[in-house]
Amino acid sequence: MKYALTFVFIALFALTMAAPADEQHVEILRQDADIAPESYKYGFETSDGTQHDEEGQLKNVGTDDEAIVVKGSYKYVGDDGVTYQVSYTADENGFQPVGEHLPKA
């Protein structure tokens, strides 16, 4: 029994030491949403520098060509400390991201 308790203590100690020590608490600074039958708009921003804004709208409503067009952008701070930003469009032509750090075709 004594060995079992010792083993449990060592295992718990090892798990505690393996946990990341610098976990960052992130708070939501802004969160917006506006949803309508044929469109939507939402966005959020957090205390770690992450931000995302997006809006979508149906086009050709009620036809065989009905589709949604989405435009937006997001940014975040990478592990290297650099802020990365991506703007994008998504429509019948697919997802089309644009960013300085993304490869060019």
What residues form a side-chain contact (heavy atoms from CB on, under 4.5 Å) with [X], not counting sequence neighbours?
| X | answer |
| --- | --- |
| Asn60 | Thr63, Asp65 |
| Ile68 | Tyr40, Leu58, Val70 |
| Glu27 | His25, Ser47 |
| Asp64 | none |

Does some side-chain heavy atom of Thr50 sit less than 4.5 Å from a side-chain heavy atom of Phe44? yes

Can you tell me how far [atom2] of [Y] sits from [atom1] of [X], rounded to the nearest 0.5 angstrom?
| X | Y | atom1 | atom2 | answer |
| --- | --- | --- | --- | --- |
| Thr89 | Phe95 | OG1 | CZ | 9.0 Å |
| Ser39 | Glu55 | OG | CD | 8.5 Å |
| Thr46 | Gln51 | OG1 | CD | 9.0 Å |

Using a 3.5 Å cut-off and no angle test, enumerate the donor-acceptor pairs between side-chain atoms of residues 76-84 and protein atoms at least two apart in sequence or in another chain.
unit_1	atom_1	unit_2	atom_2	d
Asp80	OD1	Val82	N	3.1
Asp80	OD1	Tyr84	OH	3.4
Asp80	OD2	Tyr84	OH	2.5

Please say whether more than 12 non-hydrogen atoms of neighbouring residues, nucleotides or ligands are located less than 6.0 Å from CG in Leu102. yes

* To do: Give the C-alpha distance, both sets of side-chain angles, the deciding distance and a yes or no for side chain to side chain contact (heavy atoms under 4.5 Å, CB included) between Val69 and Gln57.
  => CA-CA 5 Å; Val69 176; Gln57 184 159 4; 5.6 Å; no

Heavy-atom closest pair (Asp53 atom, Tyr88 atom, distance to 0.1 Å) is O-OH, 4.2 Å

Taking atom types as modelled, find out whether Glu54 and Tyr74 have a side-chain donor-acceptor pair closer than 3.5 angstrom.
no

Residues 91-105 vs side-chain hydrogen bond (donor to acceptor under 3.5 Å, both in side chains), sequence neighbours excluded, gives Lys59-Glu92, Asp91-Gln96

